[in-house]
Asker: 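Let me give you the structure first, and then I'll get to my questions.
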Amino acid sequence: MEAILKNEIKKNVSGKSVHELDSLFKPKAIAIIGASSKELSIGNVILKNLVHYGYTGKIYPINPKEPEVRGIKAYPTIFDVPGDIDLAHVIIPGKFVPQIIEDCGKRGIKSVIINSAGFSEMGEEGMALQTAFLTNAKKYGVRIFGPNCQGIINADPQYKAYCDFTFTFPKPGSISIVALSGGVGAFIMQSLFDLEIGMRMYASNGNACDVSISEVVNYYGEDEGTKAVILYTEGFHNPKEFMDVAQIVSKKKPILAMKAGRTEEGAKAAASHTGSLAGVDIATELIFEKTGILTFNNEEEMCQAAMAFSTQPIPKGNRVGIITNTGGPAVIATDELVSAGLQLPALSEKAKNILKETMLPEATIGNPIDVVATGGGKHFRSALDVLMDEETIDSVYINFVTAPFTDTDDVARNIVEVNKQNRKPIVCNFMTNMSLERFQVTAKILKDGGVPCYSFPTTAAKALGALYQYHQVQSRNIGEAKNFSDTNKAGAEKILEQAKNENREFLSSAATYQLLSHYNIPVADWRIAADANSAIQAAEEIGFPVVIKADAESLVHKSDMGGVAVNLKNADEIHATVERMKKSFDSKDLKFFVQKFLPGGRELIAGVSAKKDLGHLIMFGIGGIYVEVLKDVVFKISPVTEVEAKEMLSSIKTSKLLDGVRGEKGIHKHSVIEIIQRLSQLVTDFPEIQEMDLNPIMAFENKALVVDARIRI
Ligand code: ADP
Ligand code: MG
C-alpha cells in the first residue's frame, strides 16, 4: 500500500504542473484547524504571525469551542466557513488528522500544511496514520505539506503569507529557501535577515510525505521573483527526480547548498576499494556537482554568497579588477580570488591613460588600482568607470576603508551609482567601525544601494568567487553519455544470469574478464589453468613473460597472501610457482590465472559502487596496491559522459602524473576515458552489479589494459 502510494506521489511530482503549489505559496484564504487562544501554542503563534506579517488574504480560525481567537471570528468546523479556502493549517493530534484531511478534501481545500507531529517519524503507528491521511488526500487531490513541519512563508507584498510558527519576519527580497530541517531553515532565514538580505519564499517540509524538496525547488525555479535558491537537505527520498529538477533549475538561477558532511565512520567496510573509498554522503555531494548546485563549506559562507546573488549580475568570465584604498587587504583578497579561479588581468593602455589623469599622484595605476586612503568619491568613481568599460574585466572587487579624513558618504554614493548601472558584478569589503554613527550612514548608503558589503577581504572575495562559479555552471555542458554500439549486451546478460543461478556473490575470474570483453573494455590476455602443465601451455599461448595469480572465490586481495607472481619467464618458474601456491592456498576451487605480464605501466583504478535509488557511483584514480593509502580518487554519478570522464582524469590530485613528469612518457588518456565510459554503460545496462573494481588498469603511452578485476552482484 505504502509503496503504491509513494509511487503515485512520485508520478504526480514529476508530471505535475507548477501551479499546483500556488494554493500553498499564494493562498487567498487560510483556515487554521486547531487555532487556539492559548498564548504559548502553535495554533496561536501561527495566527499571530499571519496577522503580524500583514497577510493580505482571509484568515479563518477553526475552533469548536471559541467564538473568536485573537480577536478574529472563529468557526466550529471548516464546513461553517462562508468563503473558499485555499490552504489549511492542521495543528491537532495525529489521530484526528486522517478525518480532517477527508473533510478538507470534501471542502475543496487544495493544500494542507500539517504542523502536527506523531507520524512516520514515530514508528509504525505513526506511519499508519500518515498512510491513512495520505490515502484521503489522494482521493481528493489535496496536496500535503509536512507533516511534522514548520510550513511556508511568502514575503511577496501581494501575499505576505507567514504560514509558519518561527520568529523571523524577513523583508521582501529575491532569495528563496527550502530546508528539510526546520531548525536549519530558520537559522538561515535569520542569518539572511541579520545580513539585511531580503527573502522571497521559505519552505520547510519536515517529513515531506507528499510535497517534496524537488517540487519546491522546481516551483522556485519557475518563480520570477526568485533570483537564487538556498537549499538544505540531508539526503533525498528520490534522488533521480531531484537531479532532473535541479539540472534544469540550476541553469536558470543559482542553487546554493552546503557541502554534505562526510565522516570516516560513515564509510562502510566493504570488500572492494570503490565501496570503502566512497563515504556515506558522497552521493549527495556528487548530486550537487552533477546538477550544477553551488556548494559551500558552511552556512555562513552560503549566506554571504546569497547576499551577492541577491543584487549582482553574473560575471561573464573570470577576470576581476580590484579597486582598493589600502594595500594589505588587496593582497589577501587577491590570494582568495585567485584560489577561486579568478584572474587579475593587466589594464589596457587606454585605461591607464585615463587613470593617470584622474588619480591622485600617489595612486598605483594597475590591477589592483590603489586609489590610496586620501582618495575620495571622484577617484573611486573614475576607477569604477574605467573597470566597467574595460573589455578584459568581468567583475569588480572593492576594498573600502573609511578613512576619517575623506568624505566616505561621497565614496559610497559613487559606488552605488555605478552599481545601479548593473553592468558587472561588484562586491565590497567595507572596513569600518560600525559603532560610529558617521560610518553607519556610509554603510546604509551602500546597503540601500544594493552593494554587497562584507567585513573581511576573504569573505568578499569568496562571494565573488561564488558568482564566478555560477558563471561556470551556466556555461558547462556535460553532454549526453555515449552509447557504444559494439557491445554484446546479450552475452553479458548470460554471464550474469549464470552467476545468479550459481548463487555467487562475486563473479568468477573467467566470468569477470568475459563480461568486460563483451563491453570492449580491454584486458590483458589471460587463461585459466588447473595445474602446472596447463599453466605452462597457457603461458606459451600468451607468450612469456607471464603472471600467475592464485584464483579462488575466497581470495580477495591476492598479493597480500603471496597469490600474485609476476614476470615468470619460463616453464620452470611457472612450475615452481604453481607448486608453491598449491601449498599455501588450500581452497578446493583453487585454479591458476595465467596472464600476460605488462611491466612499466602506470597503475590506475576504475570502480563502481551501486547506490540505492540513484544508480552507480563511478570512481577513477591512482590504482595499485596503495590505493587506500593514497586515496587519490574521484567519483561521478553514472551515466558518465565523455566530458565528465575527462574531468575525472584532470581532477585527481596527481593528474600531472598522467601527462608524464621528468621526461617520462604520459599515458594514453583517450583509452582510459573510454574505459570509464564503457564501464558506465555496463553498469547502467546491469543495475544488479553492486560493486566493481578494475585495479589496476595498466596504462601505457599507447594503450590501457585491465589486469585485475572483481565484480560483486
Ligand atoms: P590483488 O589486487 O588481488 O593483490 P593484482 O592482480 O591487482 O592482485 O596484482 C597486484 C599487483 O601486481 C598489481 O598492482 C600490479 O602491480 C602487479 N600485477 C598484477 N598483474 C600484473 C600484470 N599482468 N602485469 C604487470 N603487473 C601486474
Ligand atoms: Mg588488484
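Both ligands and their constituent atoms are indexed starting at 1 by order of listing.
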Asker: Using 2.8 Å as the threshold, say whether any N, O or S atom from Ser559 sits that close to the Mg ion (ligand 2).
Answerer: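 False for Ser559.
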Asker: Ala524: heavy atom below 4.0 Å from ligand 1, yes or no?
Answerer: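 No.
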Asker: The criterion is side chain to side chain donor-acceptor pair (under 3.5 Å); which residues satisfy it with Ser250, sequence neighbours excluded?
Answerer: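 Not a single residue meets the side chain to side chain donor-acceptor pair (under 3.5 Å) criterion with Ser250.
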Asker: Should we say atom CD of Glu502 is surrounded by more than 12 heavy atoms from elsewhere, each under 6.0 Å from it?
Answerer: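 Yes, because the 6.0 Å sphere around CD of Glu502 holds more than 12 heavy atoms from other groups.
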Asker: Does a donor on one side chain sit under 3.5 Å from an acceptor on the other, for Lys482 and Gln681?
Answerer: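 Checked: Lys482/Gln681 side chains show no N/O donor-acceptor pair below 3.5 Å.
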Asker: Suppose I only count heavy atoms of Met698 and a 4.0 Å limit; which atoms of ligand 1 are within that range?
Answerer: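 Counting atoms of ligand 1 from 1, those under 4.0 Å from Met698 are 15 (C), 25 (C), 26 (N), 27 (C).
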Asker: Mind checking whether Gln595 has an N or O less than 3.5 Å away from an N or O of ligand 1?
Answerer: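 Between Gln595 and ligand 1 (N or O atoms, distance only) the closest approach is under 3.5 Å.
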Asker: Under 4.0 Å, heavy atoms only, figure out whether ligand 1 is touched by the backbone of Ser559, its side chain, both or neither.
Answerer: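 It is both parts that get close, each with some atom under 4.0 Å.
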Asker: Looking at Phe484, I'd like to know if the NZ or CZ of Arg678 sits under 6.0 Å from its six-membered ring centre while staying within 45 degrees of the ring's axis.
Answerer: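 Arg678 over Phe484 ring: yes.
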Asker: Is it the case that Arg710 places NZ or CZ above or below the six-membered ring of Phe506, under 6.0 angstrom from the centre and within 45 degrees of the axis?
Answerer: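 Satisfied, under 6.0 Å and within 45°.
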Asker: Please name the residue in the list Leu231, Ile230, Leu294 that meets the side chain to side chain contact (heavy atoms under 4.5 Å, CB included) test with Met302.
Answerer: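 The residue from Leu231, Ile230, Leu294 that satisfies side chain to side chain contact (heavy atoms under 4.5 Å, CB included) with Met302 turns out to be Ile230.
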Asker: Answer yes or no: does atom NZ of Lys656 have more than 12 heavy-atom neighbours from other residues, nucleotides or ligands under 6.0 Å?
Answerer: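 12 or below, so no.
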Asker: N/O/S atom of Asp708 under 2.8 Å from the Mg ion (ligand 2), yes or no?
Answerer: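 An N, O or S atom of Asp708 is closer than 2.8 Å to the Mg ion (ligand 2), so yes.
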Asker: Is Val707 in polar range of ligand 1, meaning some N or O pair under 3.5 Å apart?
Answerer: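 N/O-N/O distance below 3.5 Å does not exist for this pair.
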Asker: Record the part of Lys596 in heavy-atom contact with ligand 1 below 4.0 Å; permitted values are side chain, backbone, both and neither.
Answerer: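 Answer for Lys596: backbone.
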Asker: Classify the contact between Asn695 and ligand 1 as side chain, backbone, both or neither, using a heavy-atom distance cut-off of under 4.0 Å.
Answerer: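 The answer is the backbone.
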Asker: Pairs of nitrogen or oxygen atoms closer than 3.5 Å, one from Glu603 and one from ligand 1: do any exist?
Answerer: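 Between Glu603 and ligand 1 (N or O atoms, distance only) the closest approach is under 3.5 Å.
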